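Below is one structure, written out as structure tokens; comments come after it.
Every value quoted in this text rests on a predicted model; they were computed, and no experiment measured them.
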Amino acid sequence: MAEPRTRRRTKIGRVRIGLNVVVQVVLILFLAAMVNSLAFKHYKRWDFSRDQKYALSDKTKRFLDTLKGKMRITVFFSPNTPITADLQNLLTEYQYAGKGKIDVEQIDPERSLSRAKELFDKYKVVTDESLLVLDYDGRNKTVKASEMADVDQSGMAIGEGPRVAAFKGEQAITSAMIDLVEGKKKTLAYVMGHKEPALSAPTSPVSLLKTFIENENIKFQELNLLDQPAIPADINAVMIIGPQYDFSDREMQVLRDFWDKQGRILVFVDPAANTPRLRAFLDELGVKVNDDRLMVFVRTGIQELALTRDVQAHFLGDSPVTKRLADVRAIFVGGTASLTLDPNRGRAVNIRLEPLIQAEKGYFAETDYNSDNQVKLQADAQKAADVPLTIAASAEKGGSVDARVQVNSSRLVAVSNATFVQDNAIMQDQAALDFVSGAVNWLLSREQLIGIAPKIPKPLTFSLDPEGLRRLRWILLALMPLIPAAIGTVVWWQRRV
């Protein structure tokens with residue numbers, strides 16, 4: 001009677017073991033699927049490349065975080081377009097940063113003819129150029145391939161293909177996205193009539209600045225104050241760059257009225273120009289442009305000193321204008337005057353003043369700046385007080401100290417150097433574009449968009465002095481052949497033994 005019971009127990013034990021194994025396999029598969037699903041939805045990406053070609057700027061990421069709805073991007077690019085691969089990689093970064101708010105559809109117009117024709121008719125596309133279409137909330141905008149890259153075709157004459165000299169995809173795409181989301185562009189007026197740098201001339205010294213501001217989704221137009229009884233209501237801010245002649249009393253009254261009505265003003269003063277009325281207006285707001293020039297003596301030898309009038313300065317990080325540029329250094333070529341901020345005068349009219357840029361230590365403000373007497377200038381430098389010299393400042397009337405609180409206010413940014421934003425300076429120092437971006441976006445109450453500027457590609461170069469070339473030659477001709485020879489000799493010796 002005992003044997004049947006033993007067999008029954010053995011059979012039941014095997015069934016339990018089998019069920020246990022099945023349950024364990026199912027649990028393992030379930031855990032693997034769950035981990036895979038979580039990893040697919042929640043992951044982190046890092047860019048360790050040298051130039052970070054596709055890394056999105058903080059401005060683009062902050063903008064994508066503000067999107068309320070879906071942004072659909074339809075790409076009409078043929079495979080032979082030089083920037084096809086670059087664009088695909090960049091859009092992948094947009095999708096990742098958009099967190100599900102960016103949908104991308106890739107269409108080859110040479111193969112998917114029916115789908116391409118359907119969307120061409122929908123978006124009223126009339127060009128054969130490769131492009132992408134952004135669609136948001138019933139509005140759409142096209143971005144052409146020519147707007148996303150500078151292509152060098154100089155090698156085609158000798159049989160070479162076109163070469164991408166600069167990829168500007170993020171600039172073009174983010175600008176188009178801002179245009180769609182905001183709906184209407186804000187207007188920045190460029191004051192003319194006082195021999196400011198021409199805006200529409202083919203060789204304008206501010207052509208890069210104009211292109212950059214327009215890429216910020218801002219309408220940039222000329223404004224002559226003599227023709228206007230008041231600044232038009234559709235103008236959100238005005239920009240004044242290096243006027244060589246002073247404003248008339250009537251023009252200054254128009255400018256003051258604009259300021260009193262929560263106007264926004266960006267001023268780059270030329271210290272060499274005689275503009276007493278414009279300077280008096282700034283002085284009323286607590287920003288005084290001093291009649292001096294910043295300079296420094298640099299030691300070039302054991303006992304030799306050279307006088308330098310180009311100013312090396314750093315940006316302060318306390319203001320939203322320069323927060324992203326904190327402690328960054330920049331060169332201000334040409335003449336630069338010092339600014340004196342009068343907080344008492346500012347408080348009397350409810351104006352809050354903040355320094356934005358200060359010269360590095362060692363610079364002094366010379367009032368006799370036309371003198372060539374090196375002994376006198378050195379003596380003035382030694383007598384100068386070691387105090388920070390401000391060359392750019394902001395003024396806000398009626399604003400809140402808390403940047404999170406948005407209220408209507410008058411805003412002004414003043415810089416005591418007019419060449420800082422001209423093409424010859426911008427091409428050498430990208431910090432100028434970053435500063436203009438911060439200043440313009442702060443003036444237009446778009447603080448969340450501060451912090452991006454076009455990337456200027458920097459080629460990787462190697463330079464060797466004659467000694468370095470001599471060492472490289474010995475490494476290539478002697479050391480590298482000796483290594484396999486030595487290894488072969490050791491192997492031969494071991495086999496011989």
Side-chain angles (χ1 to χ4, degrees), residues 59 63 66 68 134 136-142 171-172 174-194 196-201 204 206-243 247-268 278 281-282 285 320-321 394-399 406-414 421 436-450 452:
K59 171 183 174 180
F63 169 74
T66 64
K68 299 294 189 297
L134 288 79
Y136 180 82
D137 196 23
R139 301 185 297 272
N140 63 80
K141 185 176 179 65
T142 61
Q171 286 178 254
T174 300
S175 176
M177 286 183 173
I178 295 172
D179 193 0
L180 283 178
V181 173
E182 293 186 349
K184 183 180 179 180
K185 293 184 178 181
K186 293 191 175 183
T187 303
L188 176 64
Y190 181 71
V191 177
M192 300 290 294
H194 316 89
E196 292 88 353
L199 191 63
S200 56
S204 171
V206 291
S207 59
L208 288 178
L209 179 65
K210 177 179 181 294
T211 301
F212 169 67
I213 289 177
E214 291 175 339
N215 285 340
E216 291 275 290
N217 190 44
I218 298 170
K219 183 180 178 182
F220 203 31
Q221 69 178 44
E222 295 182 358
L223 175 66
N224 192 328
L225 296 180
L226 283 175
D227 299 336
Q228 304 289 340
I231 293 179
D234 62 339
I235 290 179
N236 305 102
V238 298
M239 173 184 283
I240 303 171
I241 299 182
F247 289 60
S248 66
D249 291 332
R250 182 177 177 278
E251 289 176 304
M252 290 309 308
Q253 187 58 49
V254 171
L255 203 60
R256 284 187 174 90
D257 292 341
F258 179 67
W259 167 263
D260 292 336
K261 297 177 181 178
Q262 287 82 46
R264 310 297 174 90
I265 305 172
L266 176 58
V267 185
F268 292 88
L278 179 61
F281 168 68
L282 297 176
L285 307 182
V321 177
S394 66
E396 183 174 17
K397 180 180 180 181
Q406 297 294 322
V407 296
N408 292 329
S409 62
S410 302
R411 291 181 175 181
L412 174 137
V413 173
V421 292
V436 171
S437 174
V440 170
N441 282 309
W442 179 71
L443 291 173
L444 297 176
S445 299
R446 303 197 308 175
E447 284 86 346
Q448 74 277 10
L449 300 182
I450 295 174
I452 187 175

Flag side-chain contact, heavy atom, 4.5 Å: F281 against I265: yes
Non-hydrogen side-chain atoms of K397 and L285 separated by less than 4.5 Å: no
Close side-chain approach of L188 and L444, heavy atoms under 4.5 Å: no
Whether T66 side chain and F63 backbone form a donor-acceptor pair below 3.5 Å: yes
Point-to-point distance, once rounded to the nearest 0.5 Å, from CG of N236 to CD1 of I231: 11.5 Å
Side chain proximity check, M239 to L209, heavy atoms < 4.5 angstrom: yes
Would you tabulate the side-chain donor-acceptor contacts of residues 249-259 under 3.5 Å, counting partners in other chains and residues two or more places apart, or write 'none'?
from, atom 1, to, atom 2, distance (Å)
D249, OD1, R277, NE, 2.8
R250, NH1, L225, O, 3.4
R250, NH1, L226, O, 3.1
R250, NH2, Q228, O, 3.3
E251, OE1, H194, NE2, 3.0
E251, OE1, S248, N, 2.9
E251, OE1, S248, OG, 3.3
E251, OE2, H194, NE2, 2.9
Q253, NE2, D257, OD1, 2.9
R256, NE, E284, OE1, 3.2
R256, NH2, E284, OE2, 2.7

Backbone N/O of L134 and side chain of R139: donor-acceptor pair under 3.5 Å: no
Nearest-0.5 Å distance, CD of residue Q262 to OG of residue S410: 5.0 Å
Non-hydrogen atoms of P197 and G242 that approach each other most closely: CD-O, 4.5 Å
Chi angles and distances behind the side-chain contact (heavy atoms from CB on, under 4.5 Å) call for L412, L282: CA-CA 9 Å; L412 174 137; L282 297 176; 3.8 Å; yes
N/O donor-acceptor pair under 3.5 Å between R411 side chain and L443 backbone: no
Flag side-chain contact, heavy atom, 4.5 Å: E196 against Y190: yes
Interatomic distance, D227 atom CG to M192 atom CE [nearest 0.5 angstrom]: 12.0 Å
